[in-house]
> 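One structure coming up, written as structure tokens, with questions to follow.
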2 protein chains.
Amino acid sequence: MATGRTHRPATRSRGIPEATVARLPLYLRALTALSERSVPTVSSEELATAAGVNSAKLRKDFSYLGSYGTRGVGYDVEYLVYQISRELGLTQDWPVVIVGIGNLGAALANYGGFASRGFRVAALIDADPAMAGKPVAGLPVRHTDELESIITDNDVSIGVIATPAGAAQQVCDRLVAAGVTSILNFAPTVLSVPEGVDVRKVDLSIELQILAFHEQRKAGEETTSAQEPAAVQPRSGAAVRTPAAGRAAGKGPDGDVPAVMPA
Amino acid sequence: MATGRTHRPATRSRGIPEATVARLPLYLRALTALSERSVPTVSSEELATAAGVNSAKLRKDFSYLGSYGTRGVGYDVEYLVYQISRELGLTQDWPVVIVGIGNLGAALANYGGFASRGFRVAALIDADPAMAGKPVAGLPVRHTDELESIITDNDVSIGVIATPAGAAQQVCDRLVAAGVTSILNFAPTVLSVPEGVDVRKVDLSIELQILAFHEQRKAGEETTSAQEPAAVQPRSGAAVRTPAAGRAAGKGPDGDVPAVMPA
DNA sequence: CATTGTGAACGATTTCACAGCC
DNA sequence: GGCTGTGAAATCGTTCACAATG
């Protein structure tokens with residue numbers, strides 16, 4: 001099913017760069033903490049430290065939103081909270097559905113951050129008939145058959161996919177057909193969606209693999225690497241070359257799980 | 001807080017750009033799928049489609065690894081699987097610990113992708129004495145008291161933090177003190193770590209907020225007609241974005257106090 | 001006079017386009 | 001002929017440094 005494709009000049013974000021958008025929630029969290037402690041104003045330096053970025057970047061980011069600071073003083077915390085919330089669209093309520101109520105889906109349903117800031121879990125959906133009706137995080141699990149009606153009845157535009165990889169594309173297609181235009185995908189698959197639909201992906205094993213890369217590099221650093229098995233003969237004609245499947249030196253014969261889907 | 005100078009000159013990746021490293025796991029997954037279907041070779045175009053990127057980028061990425069393809073033919077699937085696995089450090093076994101066995105921690109423990117590709121869950125750790133001994137995903141939960149000995153005994157260098165935000169920094173400090181040098185953080189907090197320790201962050205509410213931003217823009221477009229030069233609305237395509245890289249960050253004088261906490 | 005806001009320099013990443021090779 | 005590998009160009013993101021200003 002060739003599909004895939006779909007790239008575009010990326011977000012024509014009308015001003016605000018994508019990288020900045022990705023940091024706004026970070027600033028918002030830091031500001032909310034300050035707000036709860038009734039701190040009235042904050043400098044770019046302080047806020048940057050709290051958010052884990054540097055101050056120049058923060059000021060540049062804010063400059064895309066407008067001039068919300070006061071020279072010589074800093075930023076008004078409450079005002080900034082409001083401005084960023086508005087910019088992110090969090091002043092309105094976003095109903096979301098979570099599809100796939102396994103371990104991960106249940107964890108997501110219980111995630112406090114959902115309810116707390118602009119998001120409301122409209123429904124939990126699972127394909128297993130045995131799950132139907134069972135309460136998870138205070139909501140009854142609904143069967144996949146109801147997916148379309150749930151979406152339209154609640155005007156859901158954001159969907160979270162926490163199904164096994166094999167089911168993700170199908171679920172995605174149904175969500176999109178029913179009107180969802182933003183998807184947060186936890187399944188380890190590349191989803192193909194029509195233009196106009198946004199997909200963000202969260203992938204545990206990818207994060208771990210990136211860590212492993214850096215970890216490996218640290219380890220090798222001590223011995224000034226250059227450990228290329230010089231014998232590498234890319235002469236890809238065929239022939240020699242260690243069998244893939246990599247993975248070596250297991251501790252125990254622990255079932256190496258052929259893993260049909262890297263779940 | 002001396003100017004939170006905790007930044008490393010950004011990965012001294014010795015050759016391979018960070019952006020490329022972040023995509024290698026994607027390629028690896030696509031290649032593994034091809035391998036399971038016994039596909040012998042693949043072109044950059046096909047593989048790129050399967051991985052959800054464009055072919056020029058993929059070829060450029062591979063060029064940092066070496067010349068592993070054959071002009072006029074493509075790439076040998078098995079060979080590439082091996083090379084990427086090796087580059088990522090997945091030919092060895094990485095023991096990891098998961099700290100915080102709530103909903104999320106349990107979900108992670110059950111995550112098939114852990115065991116399946118180079119990672120082995122060495123232990124599950126929780127601060128709740130009532131949890132101790134209870135089996136989760138086939139492993140008995142261990143108490144936090146044992147954290148240090150577990151790390152050293154198993155030579156763990158990668159830790160996963162799935163605790164509430166308030167406990168994260170403390171857990172992080174103990175992990176690092178015990179020898180962990182890579183951390184995957186699910187708690188919504190900025191962790192401060194000494195130089196040489198890598199932190200990656202996965203934050204659900206941030207991902208949702210980014211989606212909300214784009215969702216809002218789509219909604220607003222309909223009413224406030226965009227004055228984009230092009231007649232057709234050039235909206236964001238189906239860009240799939242992975243969470244931004246989590247770099248180490250300056251410390252935070254505040255205690256914790258994030259607005260949201262995971263289960 | 002401390003601090004914002006921002007042009008301009010710099011650096012990283014993506015895309016183009018085509019030479020080189022099988 | 002088809003496809004890789006890669007310089008060069010284009011784009012995007014970060015950092016510098018300082019003028020503007022409450």
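We use all heavy atoms of the structure for the numbers below, so side chains are in, but hydrogens, waters and symmetry mates are not. Remember, predicted model here, so these are calculated numbers, not experimental data.
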> The side chain of S63(B) lies closest to which of these nucleotides: dG5(D), dT4(C), dG13(D)?
dG5(D)
> What integer distance in Å separates Y68(B):OH from dC3(D):P?
22 Å
> Can I158(B) and L184(B) be said to form a side chain to side chain contact (heavy atoms under 4.5 Å, CB included), step by step?
CA-CA 8 Å; I158(B) 300 179; L184(B) 184 51; 5.7 Å; no
> Considering just the side-chain nitrogens and oxygens of S44(B), establish if one lies under 4.0 Å of OP1 or OP2 belonging to dC3(D).
no
> Please check the phosphate of dC3(D) (OP1 and OP2 only) for any side-chain N or O of S43(B) closer than 4.0 Å.
no
> Ignoring hydrogens and angles, state whether a donor on the side chain of Q169(A) or T189(A) is under 3.5 Å from an acceptor on the partner side chain.
no
> Do R29(A) and S205(B) pair up side chain to side chain, a donor and an acceptor below 3.5 Å, judged on atom types alone?
yes
> Name the pairs: protein N/O against N/O of nucleotides 17-20 of chain C, kept only if under 3.5 Å.
residue : atom : partner : partner atom : Å
dG20(C) : N3   : R71(B)  : NH1          : 3.1

> What's the CG-P distance between D76(B) and dT4(D), to the nearest Å?
13 Å
> Under 3.5 Å between N/O atoms: give me all the protein pairs with nucleotides 7-10 of chain C, atom names plus distance.
residue : atom : partner : partner atom : Å
dG7(C)  : N7   : K60(A)  : NZ           : 3.3

> Within this structure, what is the CG-to-C1' distance between N54(B) and dT15(C), rounded to whole angstrom?
7 Å
> Just how far, in rounded Å, is C1' of dT6(C) from CG of D61(A)?
13 Å
> Hey, is CD on Q170(B) packed in by over 12 heavy atoms from elsewhere, all under 6.0 Å?
no
> If you look only at pairs with a residue in residues 24-50 of chain A, which of them pass as a ring pair (Phe, Tyr, Trp, His ring centres under 6.0 Å), with sequence neighbours excluded?
Y27(A)-F62(A)
> How about E215(A) and T181(B): does a side-chain donor come under 3.5 Å of a side-chain acceptor?
yes
> Base, sugar-phosphate, or nothing: which does F62(A) touch, judged by heavy atoms less than 4.0 Å apart?
nothing
> Figure out the CG/P separation between L24(B) and dT13(C), and round it to whole Å.
13 Å
> In this structure, how many angstroms lie between the P atom of dT6(D) and the CG atom of L65(B), rounded?
11 Å
> With DNA chain D as reference, determine whether K57(A) or T70(A) sits nearer its 5' end, using the nearest nucleotide of each.
K57(A)
> Between atom OH in Y64(B) and atom P in dA12(C), what is the gap in whole Å?
11 Å
> Atom CG of L80(A) and atom P of dT3(C): how far apart are they, to the nearest Å?
16 Å
> For Y79(A), check side chain to side chain contact (heavy atoms under 4.5 Å, CB included) against everything at least two apart and list the hits.
Y68(A), D76(A), Q83(A)
> How do V73(B) and S67(A) order along DNA chain C: which one's closest nucleotide is nearer the 5' end?
S67(A)
> Tell me every residue that passes salt bridge (charged side-chain N to carboxylate O under 4.0 Å, His left out) with R23(A), counting only those two or more places apart in sequence or in another chain.
D61(A)
> So, using side chain to side chain contact (heavy atoms under 4.5 Å, CB included) as the criterion, who are the partners of T91(A) when residues are at least two apart?
Y82(A), S85(A), R86(A)
